[in-house]
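Owing to the predicted nature of the structure, the values given are computational and were not obtained by experimental measurement. A, B, ... follow the sequence lines: proteins, then strands. Residue 1 opens every chain.
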Amino acid sequence: MTVRQDLAALIEKALGKAQDIGALPQFPPPPVEVTPTKPQFGDYSSNVALTLARVARMSPLQIAEIIRQHMPVNEMLSEVSVAPPGFLNMRLDPIWLARRVEDIEAKGRTWSHSSVGRGKKVQVEFVSANPTGPLHFGGARNAVLGDTLARVLAAVGYEVQREYYVNDAGTQMRKFGETLYARYAQALGEDIPVPEDGYMGQYMVEYGRHIAAQHGRRFLDMDREKAIEALTDLGLEIVLEGLKKDLADLRVEFDNWFSERSLYRDGTFEKVLALLRERGYMYEKDGAVWFAATKLGGDKDEVIIRSTGEPGYFASDIAYHYNKFVLRGFDWVIDVWAVDHQGHVPRMKIMMQALGLDPDRLTIVLYNLVTLKRHGQEVKLSKRSGDIITLREVLDEVGPDPIRFMLLTRSNESKIDFDLGLAVEETQENPVYYVQYAHTRIAGILRKARSDGWEDWSDGDVTLLTHPSEQALLKKIIDLPDLLITVADRLEPHHLTYYAQELATQFHAFYRDCRVVDPANPEMTKARLRLVAAVKTIFAHLLEDLLGMSAPEVM
RNA sequence: GCCCCCGUAGCUCAGUGGAUAGAGCACCUGGUUGCGGACCAGGAGGUCAGAGGUUCAAAUCCUCUCGGGGGUGCCA
């Protein structure tokens, strides 16, 4: 149970008790929310009394007062008070708060975890960029967003699978194969032009050369179609290897790389088509096969199989999601998409209905685009030449930490300007180092303590930790489990970076006010070393486990 | 045309029904005979784009207007 959950439970008990003895009229138990509040009011606050005024037909102030009188005796709170127009304010007991250090010591990095996910199977599908070349820097936002969500969902008790959908079928792959064939042939001195709408990037030339060097002329000697097929597979291998490497360096790993082709090969596609036909959602018109989205409230029907006989992307999306929900049994699926795909969200929901699935089991997280800047000047992510700014280039220039942190400092729907100059600047405009410095500073304190001869401080008395700055720091810490629940609930990981900055601020303020290693006061030193070590655990957890960054011992 | 997102301090942005709207940067004042100053404290800075509405309570929900972005293919 988190602090907010515990306090809400106390209020619920008080409400029940007041109703039992007739101090409050009967009404169904309301949802009780407890939120942190400003110091002048207390530590936490609840507005239940305000929401109950109508149903209880009493003034909010009266209701709050009755709740206050019936609050169960407990060790968490030192004071419960009522404030107009009807707030219930609670102050934590300083000793109880100080003892949270023992909790953190006992549980370590899993201290922030909760079980609101109740082991539900959730899949986060993200990145899923066409495997036709290296990852565009814009894709980094998708990667960081999906990865961080997966980390947080796991922390709050979901069983999470991370998946990359490999679009290895369809027209883009065909174009890729044809382009690669041309580049391969050119590498061997043949004058074969790249198709009009092919992939013009320099990387395709390199792939061609690479394959030419490894395999010689053998693909030129075979049937062109066969050669393209073989080259497509070889190219795909090279691309996937690169994607895995780049993503791994961004500290993003996937549990599964799901092949679109497999849907056609194992019969899933045909099966789903038959299912939809059986349910009356399919018809033919103008030589194409259509999905009757309008039957389920959609704006217009959608082409499933083009008149050329090729299935469109929507067709494989249907089969793919059938596979996720029906064949693999995910309770919940989260797809992470850039906003320019927003138009597909409604039809995905309709598809769920057509498959007889609850649309709420599919959540599409949309995020806005990233523009790359250097000293305030925009750098185009893709050029007419087909060359792009790759994730690899930015990784090599600034490293994974600033990329991850910066891409999480904005809400999903907000655009991001990523400034390459700023990302590595060690100034106050760059919050990345500010947060990491807090961790480093603690490491420095612990080093200092050991070099001064402190070896074992496990018997320190944590109840001495009642200085306002110690208490403020602890209050910030104990909000983390609730924060993770909020992030998981709203699928908004940017709250993590704000929290990290606030926690760092509280730590730096503590550092200013409270000397840790103090030979004149060994008892306080041991207590504070316990505190500081616990805070270090929290920072390490936040940075490494949740944000996927490094938590440096020295900077 | 229709649909979606955004508009909050000079700048970049948090804040999705509660109390006096916050942070960082920039600007102005200060702070170390200290465990790492990559730090800290204080000040100044607001018609929450505008207008109506719902509510005990609105930056937040609803309607309209203005401004910016995106979407609206037998592309993905």
For the side chain of [X], starting at C-beta, report the closest nucleotide among [options].
| X | options | result |
| --- | --- | --- |
| A:Lys38 | B:G22, B:A38, B:G73 | B:G22 |
| A:Gln342 | B:G70, B:G73, B:C74 | B:G70 |
| A:Arg490 | B:U16, B:C40, B:G34 | B:U16 |
| A:Arg54 | B:C56, B:G70, B:C35 | B:C56 |
| A:Tyr437 | B:G70, B:C39, B:G18 | B:C39 |
| A:Asn47 | B:A41, B:G73, B:G18 | B:G18 |

Over how many whole Å does the gap from [X] atom [atom1] to [N] atom [atom2] extend?
| X | N | atom1 | atom2 | result |
| --- | --- | --- | --- | --- |
| A:Asn368 | B:G70 | CG | P | 9 Å |
| A:Trp337 | B:G70 | CH2 | C1' | 15 Å |
| A:Arg447 | B:C35 | CZ | P | 13 Å |
| A:Asp518 | B:C35 | CG | P | 12 Å |
| A:Arg515 | B:C40 | CZ | P | 18 Å |
| A:Glu33 | B:G18 | CD | C1' | 11 Å |
| A:Phe405 | B:G24 | CZ | P | 13 Å |
| A:Gln40 | B:A19 | CD | P | 11 Å |

Is NZ or CZ of A:Arg441 both nearer than 6.0 Å to the six-membered ring centre of A:Tyr511 and within 45° of the ring axis?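 Checked: cation-pi criterion met.
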Verify the stacking flag for A:Phe41 against B:A19: centroid separation must be under 5.5 angstrom and the ring planes must differ by under 30 degrees.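 The base of B:A19 is stacked with A:Phe41 (centres under 5.5 Å, planes under 30°).
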Does [X] pair with [Y] as a salt bridge, N-O distance under 4.0 Å?
| X | Y | answer |
| --- | --- | --- |
| A:Lys38 | A:Asp43 | no |
| A:Asp317 | A:Arg347 | no |
| A:Glu65 | A:Arg68 | yes |
| A:Arg528 | A:Glu470 | yes |

Assuming nearest nucleotide by heavy-atom distance, tell me which of A:Val516 and A:Thr171 is located more 5' along RNA chain B.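 Residue closer to the 5' terminus by nearest nucleotide: A:Val516.
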5'-most by nearest nucleotide on RNA chain B - A:Leu88 or A:Ala443: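 The residue closer to the strand's 5' end, by nearest nucleotide, is A:Leu88.
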Please determine whether a side-chain nitrogen or oxygen atom of A:Tyr434 lies at a distance below 4.0 Å from atom OP1 or OP2 of B:C40.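 Checking A:Tyr434 against B:C40: at least one side-chain N or O falls below 4.0 Å of OP1 or OP2.
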A:Arg306 side-chain N/O to B:C75 phosphate OP1/OP2 under 4.0 Å: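 Answer yes for this pair, as a side-chain N or O of A:Arg306 is under 4.0 Å from OP1 or OP2.
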Judged by atom type as modelled, is there a donor-acceptor pair below 3.5 Å linking the side chain of A:His494 to the main-chain atoms of A:Thr409?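 Between the backbone of A:Thr409 and the side chain of A:His494 there is no qualifying donor-acceptor contact (under 3.5 Å).
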Check: A:Asn89 side chain, A:Ser45 main-chain N or O, donor-acceptor pair, under 3.5 Å: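 No: the side chain of A:Asn89 does not pair with the backbone of A:Ser45.
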Taking the inter-plane angle between the rings of A:Phe254 and A:Tyr164 on a 0 to 90° scale, is it parallel (under 30°), tilted (30 to 60°) or perpendicular (over 60°)?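 If you compare the ring of A:Phe254 with that of A:Tyr164, the planes turn out perpendicular.
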With distance as the sole criterion, do the side chain of A:Asn89 and the base of B:A19 form a donor-acceptor contact below 3.5 Å?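 Looking at the base of B:A19, it does pair with a donor or acceptor on the side chain of A:Asn89 (distance under 3.5 Å).
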Taking atom types as they are modelled, would you say the side chain of A:Ser45 forms a donor-acceptor pair with the base of B:A19 within the 3.5 Å cutoff?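 Such a pair is found, so the answer is yes.
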Distance, [atom1] atom - from [M] to [N], rounded to whole angstrom:
| N | M | atom1 | answer |
| --- | --- | --- | --- |
| B:A14 | B:A23 | P | 16 Å |
| B:C6 | B:U60 | C1' | 14 Å |
| B:A49 | B:C25 | C1' | 24 Å |
| B:G50 | B:A44 | P | 24 Å |

Using a cut-off of 4.0 Å on non-hydrogen atoms, how would the nucleic acid contact of [X] be classed: base, sugar-phosphate, or nothing?
| X | answer |
| --- | --- |
| A:Asp299 | nothing |
| A:Ala53 | nothing |
| A:Val554 | base |

Whether each nucleotide of nucleotides 6-14 of chain B has a protein heavy atom under 4.0 Å at its base (B), only at its sugar-phosphate (S) or at neither (-) is summarised, 5' to 3', as S-----SSS
What pair of heavy atoms forms the shortest contact from A:Phe176 to A:Leu236, and how long is it?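 Residues A:Phe176 and A:Leu236, closest heavy atoms: CE2-N, 3.9 Å.
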